[in-house]
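Presented below is the structure to which this report refers.
Side-chain atoms are counted along with the backbone in the values below, which use heavy atoms only and exclude waters and symmetry mates. These numbers come from a predicted model, not from an experiment.
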Amino acid sequence: MKVVITDYEYDNIDNEKKIIAEAGFDLYAYQCNSEDELIEKCRDADGVIVQYCEITARVIDAMEHCRIIIKYGIGVNNIDSAAATRKGIYVCNVPDYGVDEVSNHAITMIMMLSKKMIRITNSLRAGTWGYQCVEPLYRFRNKTLGLVGFGRIPRMVAEKMKNFGLEIVAYDPYVPEKAAQDLGVKLVDFDTLVKMSDYISVHCPLTDDTTHLFNRGVFQKMKNTACIVNTARGPIVDQEDLIEALKNGEIAGAGLDVYEKEPITKDNPLLQMDNVICTPHCAWYSEDAIVAVQSGAAKEVVNVLQGNMPWHAVNMTALKNQN
C-alpha cells in the first residue's frame with residue numbers, strides 16, 4: 001500500500017513515518033506546487049494526506065485506486081469532496097486535534113475585546129495614564145454571547161464561558177435543541193442571534209451557504225456595541241464589508257484568526273485598527289496539537305487501508321446515498 005503526503009509545514013513527519021511503517025505501508029512525502037505535480041505523485045496512491053494543496057476534481061479523477069484523502073486539520077474545503085464521493089473515496093479530517101486550543105483562542109479574543117485591551121495598551125505605550133481612551137466600557141456579566149455553529153469547538157467555548165454570567169445562544173440548523181440545552185445554551189435562528197448578541201463567535205464550516213454569511217446587511221443588524229470573532233474560515237466574513245462596518249461604527253470590534261485571502265497583507269486596514277485583534281491563522285497551534293494532528297491523520301489512513309470504516313469521514317452520508 002502506498003501513502004502520499006502532498007505537502008506539510010511541520011518540522012518533521014517522524015510520527016507519520018513510524019505509524020505507517022509499523023502497518024507495513026510505504027510513505028512518500030512531497031511539497032507539491034501544482035495540479036500536474038499532484039496528479040503525478042498521487043496517481044497510484046492508496047491513501048493521500050494533504051495540508052494546503054488543492055485536491056481538485058482533476059487530481060481526484062486521475063487517482064487509480066485511492067481509498068482515502070485526509071486533511072491535516074478540520075476544514076476540508078481544499079478537497080473536492082463531490083469528486084471524491086463519485087469515485088468512492090473517503091474524505092476525512094482530524095476534527096478533535098485542536099479544539100481546546102481554538103476554543104481558548106476565541107475566548108481570549110472575546111475577553112480582550114470586552115476590555116479594549118489593544119486600545120488601552122497602545123495608549124499607555126504612547127505615554128497616557130488613565131482609562132479614558134476606552135470609555136465607555138461595560139460589565140461583561142449579563143451580556144449575550146452568540147455562537148455560530150455548535151460543533152465541538154463552540155460547545156467547548158460554551159462550557160468554558162458558562163461561569164461568566166453570560167447568556168449564551170447558538171445558531172446551528174443541524175443540531176438538536178437538547179444538545180444545546182444540556183450545556184445551558186439556547187438555540188435561536190440566525191437573525192435573532194445577530195440582533196441580540198454582544199459578542200459573536202464564528203465556528204461554522206465554509207460552504208456555499210456560509211460564504212459571506214456575515215456581510216454588510218448583517219453588520220447593520222448587529223448592535224453597534226457588538227464584536228465579532230472568527231476562528232473558523234476567512235470567507236465566512238466579507239472582509240471589505242467588515243472593514244466598512246468597523247470604520248462606520250456599525251460594530252465595535254473584531255477578533256480575526258482567518259482571512260479571505262491568506263496570508264493577510266501588511267497594508268490591510270484591519271492591521272491598523274486598535275479595535276481589531278489579528279492573529280495569523282494560528283488558533284489551533286500548540287506543540288500538543290501538532291502531535292495530535294499528524295498522528296491522527298496517519299492513524300486514520302492506516303485504519304482505512306486495513307479495511308476498516310473511517311472514524312471521521314465528512315462524506316460518509318453522501319457515499320451511502322450514492323450506493
Side-chain angles (χ1 to χ4, degrees), residues 71 73-82 93 95 99 102-103 105-107 109-110 113 144-158 168-177 179-180 185-248 250-262 264 268-270 273 275-279 281 283-284 314:
K71 170 73 178 281
I74 299 175
V76 296
N77 46 291
N78 60 320
I79 303 170
D80 192 322
S81 293
N93 63 1
V99 293
V102 177
S103 62
H105 202 93
I107 290 168
M109 285 182 161
I110 291 166
L113 289 166
T144 299
L145 169 62
L147 303 171
V148 179
F150 203 62
R152 288 177 174 84
I153 294 170
R155 291 183 197 199
M156 192 168 283
V157 170
I168 305 178
V169 298
Y171 165 71
D172 192 324
Y174 304 104
V175 169
E177 191 168 345
V185 176
K186 181 181 178 182
L187 285 182
V188 297
D189 61 65
F190 181 69
D191 202 50
T192 299
L193 181 144
V194 165
K195 291 177 179 177
M196 72 183 296
S197 296
D198 298 287
Y199 302 93
I200 295 175
S201 193
V202 180
H203 301 283
C204 57
L206 179 62
T207 65
D208 290 341
D209 290 336
T210 63
T211 299
H212 288 182
L213 178 65
F214 283 88
N215 52 44
R216 183 160 184 77
V218 172
F219 292 130
Q220 290 173 339
K221 292 178 182 179
M222 289 172 60
K223 298 177 182 180
N224 59 15
T225 54
C227 298
I228 184 170
V229 168
N230 186 10
T231 55
R233 286 295 181 267
I236 296 169
V237 176
D238 186 309
Q239 186 168 288
E240 293 304 315
D241 288 356
L242 173 63
I243 291 170
E244 287 304 308
L246 289 162
K247 285 181 177 178
N248 297 336
E250 292 169 351
I251 64 172
L256 305 170
D257 186 55
V258 290
Y259 310 89
E260 283 208 67
K261 293 183 180 179
E262 296 183 356
I264 187 173
N268 192 298
L270 292 166
M273 298 179 179
N275 57 343
V276 179
I277 304 166
C278 292
T279 55
H281 204 150
W284 61 273
V314 301

* Distance-minimising heavy-atom pair for Leu147 and Phe150 -> CD1-CE1, 4.0 Å
* Structure fact -> Sorted by chain and number, sequence neighbours left out, side chain to side chain contact (heavy atoms under 4.5 Å, CB included) with Asp189 holds for Asp191, Thr192
* Asked: With sequence neighbours left out, what residues match Ala252 under side chain to side chain contact (heavy atoms under 4.5 Å, CB included)?
  -> Cys227
* Structure fact -> Residue set satisfying salt bridge (charged side-chain N to carboxylate O under 4.0 Å, His left out) with Lys186, at least two apart, ordered chain then number -> none
* With Leu256, the side chain to side chain contact (heavy atoms under 4.5 Å, CB included) member among Val237, Leu242, Thr279 -> Leu242
* Heavy-atom closest pair, residues Leu213 and Cys204 -> CD2-SG, 4.4 Å
* Please name the pair of heavy atoms, one in Val99 and one in Pro95, separated by the smallest distance, quoted to 0.1 Å. => CG1-O, 3.5 Å
* Asked: What pairs with Thr207 under side chain to side chain donor-acceptor pair (under 3.5 Å), at least two apart in sequence or on another chain?
  -> Thr210
* Asked: What is the distance from atom CD1 of Ile236 to atom CG of Asp209, rounded to the nearest 0.5 Å?
  -> 11.5 Å
* Please report the closest heavy-atom contact between Ala180 and Leu187, naming both atoms and the distance. => CB-CG, 3.7 Å
* Asked: Can you name the side chain to side chain donor-acceptor pair (under 3.5 Å) partners of Asn78, sequence neighbours left out?
  -> Lys71
* **Test log, rule side chain to side chain contact (heavy atoms under 4.5 Å, CB included), inputs Val314 and Ile79** => CA-CA 11 Å; Val314 301; Ile79 303 170; over 6 Å; no
* Go through the structure and list residues passing side chain to side chain contact (heavy atoms under 4.5 Å, CB included) with Ile74, not counting sequence neighbours. => Asn93, Tyr97, Ile153
* Between CD1 of Ile110 and OG of Ser201, what distance do you get to the nearest 0.5 Å? -> 4.5 Å
* Over all heavy atoms of both residues, which pair between Lys223 and Ser197 is shortest? Give the atoms and the distance, please. => CD-O, 3.8 Å
* To do: Determine, stepwise, if the pair Asn248 / Arg216 fulfils side chain to side chain contact (heavy atoms under 4.5 Å, CB included).
  => CA-CA 11 Å; Asn248 297 336; Arg216 183 160 184 77; 3.9 Å; yes
* Considering residues at least two apart in sequence or located in another chain, which fulfil the side chain to side chain donor-acceptor pair (under 3.5 Å) criterion with Asp80? -> none
* Asked: Got a second to check how far Lys195's NZ is from Lys221's NZ, nearest 0.5 Å?
  -> 5.5 Å
* Structure fact -> Heavy-atom closest pair (Leu113 atom, Gly255 atom, distance to 0.1 Å) is CD1-N, 3.7 Å
* Pairwise distance CG(Leu270) to CG(Asn275) - rounded to 0.5 angstrom -> 9.5 Å
* Asked: Which side-chain hydrogen bond (donor to acceptor under 3.5 Å, both in side chains) pairs, counting each pair once, include a residue from residues 226-244, with sequence neighbours left out?
  -> Asn77-Arg233, His212-Asp238
* **For Pro269, side chain to side chain contact (heavy atoms under 4.5 Å, CB included) partners two or more places apart** => Ile243, Met273
* Asked: Do side-chain atoms of Asp257 reach the backbone of His281 as a donor and acceptor pair under 3.5 angstrom?
  -> yes
* Tell me the ring-ring contact (aromatic ring centres under 6.0 Å, His included) pairs involving residues 187-210, sequence neighbours left out? -> Phe140-Tyr199, Tyr171-Phe190, Phe190-Phe214
